[in-house]
Number of protein chains: 2
Amino acid sequence: MKKAQGGKVKMSDIASALGVSAMTVSRAFRGDAGINARTRARILSKAEELGYVFDSTASNLRQNRTGFVAVTVPSIENANFSATVRELSRGLLKRNIQILLANTEYDPEEEERLIAQLLRRNPEAIVLTGAQHTAKTRALLSKAPMPVIEIWDLPAKPIGHVVGFSNEASVRGLVDHMVRSGRRRLAFLGGETAHDPRGAQRRAGFVEAMAGHGLEATRLVPAGAAPVGMTEGASGLELMRELFPDTDGLICVSDLVAFGALAQCHRLGVKVPEDLAIAGFGNYEIGRICEPPLTTIDVHAGLIGSRTADMVLGLLEGTPPAAPLRQVLQPDLILRRST
Amino acid sequence: MKKAQGGKVKMSDIASALGVSAMTVSRAFRGDAGINARTRARILSKAEELGYVFDSTASNLRQNRTGFVAVTVPSIENANFSATVRELSRGLLKRNIQILLANTEYDPEEEERLIAQLLRRNPEAIVLTGAQHTAKTRALLSKAPMPVIEIWDLPAKPIGHVVGFSNEASVRGLVDHMVRSGRRRLAFLGGETAHDPRGAQRRAGFVEAMAGHGLEATRLVPAGAAPVGMTEGASGLELMRELFPDTDGLICVSDLVAFGALAQCHRLGVKVPEDLAIAGFGNYEIGRICEPPLTTIDVHAGLIGSRTADMVLGLLEGTPPAAPLRQVLQPDLILRRST
DNA sequence: CGGAAAATAGTTATCGATAACATATTGAGG
DNA sequence: CCTCAATATGTTATCGATAACTATTTTCCG
């Protein structure tokens, strides 16, 4: 039942059908103040009758506004990132702004290609998850006319605005907790690759925090290339027991990895937390449900999204701020029975 | 370092800088055949020098092509849907087509609002996850000039094209397996609400399959409104034990729910599969890792995405098919130790 | 009732790239 | 040296909505 007839209905069609001008129709659609209520009603009803669909491409060109925001994420399959995207999307919906989504697959080169594509579309703002970019990406974006927001990290040299938290400091909270409860032989699982900057920061935070307690952070277990998930957690636990059999506390780069390790402990008869304390990162739903539930860091992934949405809307409506905005969120330590 | 200078660089600026026409610049950018290689090189290098960024809004208007596809999902946080989106995105990237994403939050009214918005943007195609729509949505889409594809279901009255699988038939496979292994007092957890049509179909499939074995499907346990996850699985198991304590096999509306139930069994000392067999749906990563790993149905969520991408590309390039396309995928039964 | 302000609507030009058509240049063959 | 085709480039009009400006009608006051 596709519209077979050639010409599509446009504003001027409605206008001539009613003997008014196209401009009046345009005004009616935008709810412009200076238009007679009855005229407006006639226009809207005629539009409905003709099956008119507003064409935003024309409007986009004329107004130099597109009404969407470009968003890159390493992987939309990660529940943390998708929570951010969801809240971002929900927040932007208040102003009818939509999201143009791109997956970088944890690859800065791919990110560069995607951003080059996205820029051509004139998004109202560009939101980047992560702070690791190629030089060319940085160059492109620093010249871009729209706001750029890096989220999920606290870059030392931000391109524009920032909504993030400190991965290092968050891990410190976990280490402190483990040490406080008597564990000394701590290991960290994951985050060894340059390809996963957030994981690497968490691992760096681990090393740093251990040093703060006068402990050596020698128990660093690799988990492979990002994205690492439950599968890598399970195999990683085996590797840990092989390399550092005396470990009494394990901090994992994410709850998914921690759960994989926990499940493997189950299979091997390792008691958690008696034999081994396990902590995750990210406060995924699974950490709340599994047995024992996981001690973790809640990074407030959804909040990052909603705060970003608020920041975008603020930037679009108000006057540009003198200095780039930087919003630092405080993750929370969540203590559960796995430690 | 924002571009402070007023005017943005456009094709005609490059053109006049080189003493050629804007048309030639346009041709150079699109790699048009009839253009001198040296001219083209000069244009591209001058564009680089001036920091030119192609403006697709103008191109969109003139060519009546936008280069993006609108996609609605109930929730991007669901790993199954996000896998579909990822593969869809990946597949469309081959032709530089991007995704405009919208979350319906499992609400047909919200879907209607979103689709009305998305339509104004002239997407090249519209992909809807799910087949439950309001009458107005159906009306809007059946008049829409671009291809419409419903995925993840096999609607009786499709709007346009379809890439999906049968939820009912898939659950039948699980029931058959349970019955074959001697279980008779089977329960189904979830899918009772009209708000979650896929869950409802799975539950209907359960009832149907039980009837096929001459068994009564009286053990239907509600899990609450979509989205249901691990939390509802855990509470649902308790409810099941209260309502139907003699149950010996539990089929859950998803792996997440099944895992929640499994974790609760752990806590209550219920042995799986000895006391209770548990099966999930969707083949999420968690089902492979948890202990015991879950019997489930692999619906090939990623494949749905890549097949949809192929279908979209085919529809955009070739001549429109005489009849709407309908691609039916076959989910696989995956047997693991939880049953 | 006169006149100014407010309310309402119309005209024209424009956003930037590109389709469609027109023109200029080159080169090969006779 | 000329013709015709192939190659390379230029001109003009256009996609559809809307900003900026102008014109008309109403309203409301002294």
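The chains referred to below are lettered A, B, ... by the order of the sequence lines, with proteins before strands, and numbering in each begins at 1. These numbers were taken from a predicted model, which means no experiment stands behind them.
There is no side-chain donor-acceptor pair under 3.5 Å between A:Glu110 and A:Thr104. Remark: the A:Asn122 side chain and the A:Asn60 side chain contain no N/O donor-acceptor pair separated by less than 3.5 Å.
If you take CD1 on B:Ile43 and CD on B:Glu48, they are separated by 14.5 Å, rounding to the nearest 0.5 Å. Once rounded to the nearest 0.5 Å, the distance linking CG of B:Asn78 with OG1 of B:Thr129 reads 10.0 Å.
Between B:Arg198 and B:Asp153 there is a salt bridge, with a side-chain nitrogen of the basic residue lying less than 4.0 Å from a carboxylate oxygen of the acidic one. Salt-bridge annotation for B:Lys46 and B:Asp13: absent, with no side-chain N of the basic residue lying under 4.0 Å from a carboxylate O of the acidic one. Taking a cutoff of 4.0 Å between a charged side-chain nitrogen and a carboxylate oxygen, B:Asp55 and B:Lys8 qualify as a salt bridge. In summary, B:Arg307 and B:Glu87 do not engage in a salt bridge, as defined by a charged side-chain N under 4.0 Å from a carboxylate O.
The shortest distance between the side-chain N/O atoms of A:Arg42 and the OP1/OP2 oxygens of C:dA9 is not below 4.0 Å.
Where B:Arg62 and A:Thr24 meet DNA chain C, the nucleotide closest to each residue was compared, and A:Thr24 sits on the side nearer the 5' end. Where B:Gln63 and B:Arg40 each meet DNA chain D at their nearest nucleotide, the meeting point lying more 5' is that of B:Arg40. The 5' end of DNA chain C is approached more closely, in terms of each residue's nearest nucleotide, by A:Ala22 than by the other of B:Asp32 and A:Ala22.
Within 4.0 Å (heavy atoms only), A:Met11 reaches sugar-phosphate atoms of the nucleic acid but no base atom. Across all strands, A:Thr57 comes closer than 4.0 Å to no nucleic acid atom at all (heavy-atom distances). Backbone-only contact: A:Asp55 has heavy atoms under 4.0 Å from sugar-phosphate atoms and none from a base. Within the nucleic acid shown, B:Arg27 comes within 4.0 Å of at least one base atom, counting heavy atoms only. Nucleic acid contact class of B:Asn36 (heavy atoms, under 4.0 Å, all strands): sugar-phosphate only. At the heavy-atom level, B:Phe54 lies under 4.0 Å from the strands shown only through sugar-phosphate atoms. If you check every strand for non-hydrogen atoms under 4.0 Å, A:Val25 touches nothing. Among the protein residues, A:Ser21 comes within range of the nucleic acid bases, having at least one heavy atom under 4.0 Å from a base atom. The residue A:Ser56 sits apart from the nucleic acid: no heavy atom pair falls under 4.0 Å.
The interatomic distance linking B:Ile35 (CD1) with C:dT25 (P) rounds to 17 Å, in whole Å. Atom pair A:Arg38:CZ and C:dT8:P shows a separation of 12 Å (rounding to whole Å applied).
In this structure, B:Trp152 and B:Phe81 have perpendicular ring planes: the angle between them is above 60°, well past the 30° mark.
End-to-end axis angle for the helix from C:dC1-D:dG30 to C:dG30-D:dC1, using five pairs per end and rounding to 10°, comes out at 40°.
First and last contacts of DNA chain D with chain B, using any nucleotide atom under 4.0 Å from a protein heavy atom and ordered 5' to 3', fall at D:dA8 to D:dG16.
Tested against B:Glu150 for a side-chain hydrogen bond (donor to acceptor under 3.5 Å, both in side chains), the candidates B:His161, B:His133, B:Gln132 yield a single pass: B:His133.
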